[in-house]
Amino acid sequence: MSNAPLRDRTAPLGDLARAQVVSELRRQRPKSALLRSSLWFFALATACAWASGFFEVSAAFDGRRIDNLQRFLTQEVVPHHLRGTDFGPLELGTWALELFTDKGWGALLATLCLALSAIALATFGALVAAPFAVRTLAVLDPFLFGERGSSRAGRFARTGLVAVARGLLVAARAVPEYVLAFFLLAMLGPGAWPAVLALALHNAGILGRLGAEVVENLEPGPARGLAQLGASRGQILLWFAYPQALGRVLLYVFYRFETCVREATVLGLLGILSLGYWIQDARSRLYYDEMLFHVALGALLVLGADLVSALVRRAVRRA
Amino acid sequence: MLAALAAAAAVSAFALGLSPGQLLPAPGGVELLRAFAARAFTPALAWESDLVPPDAGPLLVSVAAAALRTVLFALGGMSLALALAVPLGLLSSASFWSQRQSGPLAAVALGAARAVIAGLRSVHELLWAVVFLAAFGLTPLSAVVALALPYGGTLAKIFAEMLDEAPRDAGEALRALGAAPSQVLALGIAPRALADMGAYTFYRFECALRSSAVLGFFGFETLGYGLRQAFYNLAYGELWTHLWALVLLVVAIERWSGALRRRFVA
């Protein structure tokens with residue numbers, strides 16, 4: 001390093017003066033009782049969780065479990081009709097190809113289609129719901145003078161509207177997709193809709209809320225200009241909020257698409273035709289070789305979606 | 001972009017045979033929906049089903065215990081995930097390696113760390129759980145590890161991105177003063193990313209709570225277990241008690257993390 005002289009500049013500061021500066025800086029550092037107590041709480045709770053023996057760590061390593069694991073790894077993962085035979089990559093390949101053409105390929109496509117339909121529906125839902133959850137838009141004079149001149153009842157109604165919209169968005173996202181799909185399946189009967197609707201509802205909740213925050217964080221100047229020219233709330237939405245927020249919201253949409261593919265795979269466990277269906281099917285027949293094959297296929301699909309989503313997001317950021 | 005998405009969605013909706021007509025509830029679906037919705041704001045406060053074993057304690061105690069177990073699984077999973085994510089995130093961040101000499105070894109290690117992260121993330125936590133159930137059987141540790149693997153991968157990926165995108169000013173100043181590479185990283189760069197990393201960890205904890213609840217569908221006794229049981233017993237009041245407990249838990253954590261985030265990020 002050639003910048004040794006720079007280091008010497010600190011030399012004139014005596015030990016005492018230095019200690020003073022350090023203690024002064026230390027005194028000024030940001031402190032928060034909330035952060036401190038939260039950290040302590042989580043550290044203690046985690047320590048208690050592990051110490052309580054609830055996870056039965058030692059029981060997981062007793063003889064029976066180890067036997068289970070050994071049987072699983074040495075026998076059950078080996079393709080069924082190849083067990084006990086001396087097979088090579090050729091036989092293994094034939095087995096995989098047969099499974100892929102029989103079940104895997106169709107389920108792979110179905111999973112992808114579920115995710116695509118769901119994310120499009122979720123985006124649409126978010127576009128409709130988000131404006132109601134934007135605090136700056138749901139006032140009498142959007143972006144201008146706030147609530148000047150509005151009656152108390154009107155103000156109350158609009159604050160209430162935003163609160164209700166936000167509450168619905170939070171509720172939609174607080175219930176896991178899997179639970180939503182479980183209920184919808186019972187109500188709508190078998191088919192693709194329960195999965196699509198469950199994914200769409202949950203993600204509309206997330207995207208709607210994120211979208212509302214994006215609009216709230218926009219530079220309000222142009223919106224003020226439009227409002228002063230007499231633009232209505234709808235016009236401001238159409239000409240300011242949507243176009244300005246679109247880029248960021250698209251980033252979120254493609255990030256959620258990746259999640260949708262992951263979740264669509266899993267929803268099959270409930271009996272909806274995606275990769276999860278064959279995973280559950282193989283599991284219930286104790287065909288663990290087949291089960292692992294479909295899990296691996298799902299992993300490949302997610303890796304692909306991950307890649308596509310990353311590429312698209314990079315393109316959106318550049319544009 | 002939006003048009004392309006819409007077109008792809010239209011093609012897939014067609015391929016799935018989705019039609020609005022199928023949105024009409026199945027036979028019995030309407031009655032089910034009505035019975036279900038009727039109890040939304042009157043959740044059960046005591047057991048309603050005859051199928052509950054007589055030695056089960058009061059409903060509210062059982063729901064509270066299930067909520068506690070949901071939190072415990074989430075805590076166990078997240079703590080393991082963090083232990084996994086910190087070293088993996090460091091190894092897969094460009095700023096960790098750029099502080100050192102960038103030889104072929106660094107490139108290999110970086111690539112390997114990223115591959116491990118992608119592999120962990122690509123399998124959903126419920127699928128990890130299914131695999132572990134097959135390999136180990138129903139032990140609480142299976143659920144914890146199933147949560148920890150994909151969450152660890154995701155945390156590591158985001159940590160690495162946050163480290164690489166953190167402002168460089170403090171790190172550069174330290175380097176100019178002659179700080180060692182490890183000091184630049186630990187004292188210059190990492191502190192600038194710490195608030196974001198903390199906020200993200202909190203958000204993932206919220207997700208872990210939801211996942212932990214869903215693990216109940218696979219036999220682990222979290223909120224999802226009672227929820228499914230109540231559904232099969234046609235005890236919709238009990239079902240809503242479990243559902244409200246889950247929603248309250250998630251919203252409380254969200255509020256908490258929101259309060260912290262407003263103070264430190266932004």
Side-chain angles (χ1 to χ4, degrees), chain A residues 1 3-4 6-7 32 34-35 38 45-46 49-50 54-57 59-60 65 68-69 72-73 109-110 112-114 116-117 119-120 123 170-171 174-176 178-179 182-183 186-189 191-193 196 250 253 262-263 265-266 269 279 283 288 291-292 295 298-299 302-303 306 316, chain B residues 1-2 5-6 8-9 12-13 15-18 22-23 25-27 29 32-33 36 69 71-72 75-76 78-79 118-119 121-124 126-127 130-131 134-137 139-142 144 176-178 210-211 213-214 217 224 227-228 231 243 246-247 250-251 254 256 259-260 263-264:
Chain A
M1 283 250 165
N3 39 23
L6 269 179
R7 237 185 298 174
S32 157
L34 178 65
L35 178 68
S38 302
T46 308
W50 283 101
F54 174 70
F55 301 135
E56 297 172 21
V57 178
R65 303 284 181 210
N68 267 353
L69 184 65
F72 182 78
L73 289 178
L109 280 184
L112 194 62
C113 288
L114 284 177
L116 274 170
S117 312
I119 195 68
T123 311
V170 168
V175 182
Y178 195 84
V179 176
F182 177 73
F183 294 149
M187 280 165 208
L188 298 176
W193 271 116
V196 172
L250 269 182
V253 166
R262 278 160 55 83
E263 294 289 339
T265 314
V266 165
L269 295 178
I279 294 171
R283 186 164 96 101
Y288 291 134
M291 182 184 95
L292 282 182
V295 169
V302 170
L303 284 178
D306 205 356
V316 170
Chain B
M1 199 71 85
L2 219 49
L5 182 65
S12 18
L16 287 172
L18 288 179
Q22 293 165 331
L23 272 177
L32 178 67
L33 182 63
F36 182 68
R69 283 192 290 268
V71 174
L72 283 178
L75 277 175
M78 278 302 286
S79 53
R121 267 166 49 77
S122 66
V123 178
H124 192 281
L126 293 182
L127 296 185
V130 164
V131 171
F136 270 112
T139 86
L141 200 62
S142 306
V144 170
L177 288 170
R210 275 194 291 256
S211 295
V214 173
F217 282 72
L227 204 123
R228 191 182 62 157
F231 190 82
L243 206 54
L246 175 62
V247 169
V250 170
V251 170
E254 205 228 307
W256 189 354
L260 279 174
R263 235 156 277 200
F264 291 96

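By convention in this document, chain letters (A, B, ...) are assigned in the order of the sequence lines, proteins followed by strands, and residues within each chain are numbered from 1.
- Looking at B:Ala6, there are no atoms closer than 4.5 Å to chain A (heavy atoms on both sides), in backbone or side chain.
- Contacts of B:Val144 with chain A are made by side-chain atoms alone, with heavy-atom separations under 4.5 Å and no backbone atom involved.
- Side-chain N or O atoms of A:Asn68 include one that pairs as donor or acceptor with a backbone N or O of B:Phe136 at under 3.5 Å.
- Taking 4.5 Å as the limit, every side-chain heavy atom of B:Val247 sits out of range of all side-chain heavy atoms of A:Val170.
- With chain B as the partner, the residue from A:Gly298, A:Ser32, A:Ala192, A:Pro176 showing the most heavy-atom pairs under 4.5 Å is A:Pro176.
- Within the 4.5 angstrom heavy-atom criterion, no atom of B:Ala213 approaches chain A.
- Ranked by heavy-atom pairs shorter than 4.5 Å toward chain B, the options A:Val266, A:Ile279, A:Leu69 are led by A:Val266.
- Across A:Ile119, A:Leu114, A:Leu73, the residue that shares the most heavy-atom pairs under 4.5 angstrom with chain B is A:Leu114.
- The contact between B:Val131 and chain A is made by backbone and side chain atoms together, counting heavy-atom distances below 4.5 Å.
- Of all heavy-atom pairs spanning B:Val123 and A:Arg262, the tightest one is O-NH1, 4.1 Å.
- In terms of heavy-atom proximity, B:Ala9 sits nearest to A:Ala120 at CB-CB, 3.2 Å.
- Each of A:Val253, A:Leu34, A:Val302, A:Leu292 has some count of heavy-atom pairs under 4.5 Å with chain B, and the biggest count is that of A:Leu34.
- When heavy atoms are compared at a cutoff of 4.5 Å, B:Leu72 approaches chain A by way of both its backbone and its side chain.
- When each of A:Leu303, A:Leu116, A:Val57, A:Thr46 is checked for heavy-atom pairs under 4.5 Å with chain B, A:Leu116 comes out on top.
- Aromatic ring orientation, A:Tyr178 versus B:Phe217: perpendicular (interplanar angle above 60°, classes split at 30° and 60°).
- Rounding to the nearest 0.5 Å places CG of B:Leu75 at 7.0 Å from CZ of A:Phe55.
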